[in-house]
Amino acid sequence: MEQKLTDQVIANDMLIAAKSGVKTYASAVVESATPAVKDMMKKHLDDAITFQSKIGDFVMSKGWYNAYNLNKLLENDCKQSQCAINKIG
């Protein structure tokens, strides 16, 4: 079973990447050696958080991500896991 590149797949991939970006910038803030670099990283972190929030709101509004409904979230994760297993096997 081949997964098609749909708006949902693209948006969910963007959300995953955005979350990763937030984590990366947060690490950069605490690891910065100078105040100037720390300030710059904080600005990038704020921008990354804003972007992640917009993507998160979008996918939730479409019903593609159920951050506040654990049962739906687990159901979707199981479907995606089964899809990945089917691709391998």
Task: Shortest non-hydrogen contact from Val29 toward Lys42 - done: CG2-N, 3.7 Å

Task: Minimal non-hydrogen separation, Val59 against Ala11, with atom names - done: CG1-CB, 3.5 Å

Separation between [atom1] of [X] and [atom2] of [Y], rounded to the nearest 0.5 Å:
X: Ser32; Y: Met40; atom1: OG; atom2: CE; result: 7.5 Å
X: Thr50; Y: Leu45; atom1: OG1; atom2: CG; result: 9.0 Å
X: Thr24; Y: Glu31; atom1: OG1; atom2: CD; result: 12.0 Å
X: Gln52; Y: Lys23; atom1: CD; atom2: NZ; result: 10.0 Å

- [ ] State whether Lys43 and Asp47 are salt-bridged, where the test is any N-O pair (Lys NZ or Arg NE/NH1/NH2 against Asp/Glu carboxylate O) under 4.0 Å.
- [x] yes

- [ ] Evaluate the criterion side chain to side chain contact (heavy atoms under 4.5 Å, CB included) for residue pair Asn66 and Met60; output intermediate values, then yes/no.
- [x] CA-CA 6 Å; Asn66 299 289; Met60 285 189 287; over 6 Å; no

Verify the cluster assignment for [X] and [Y]: are they in a single hydrophobic cluster under the rule of side-chain heavy atoms below 4.5 Å apart?
X: Ile16; Y: Phe51; result: no
X: Trp64; Y: Leu5; result: yes
X: Tyr65; Y: Leu70; result: no
X: Ile10; Y: Leu15; result: yes
X: Val22; Y: Met41; result: yes

Open item on the list: Strictly distance-based, threshold 3.5 Å: is any side-chain N or O of Ser53 a donor or acceptor partner for the main-chain N or O of Ile49?
Closed with: yes

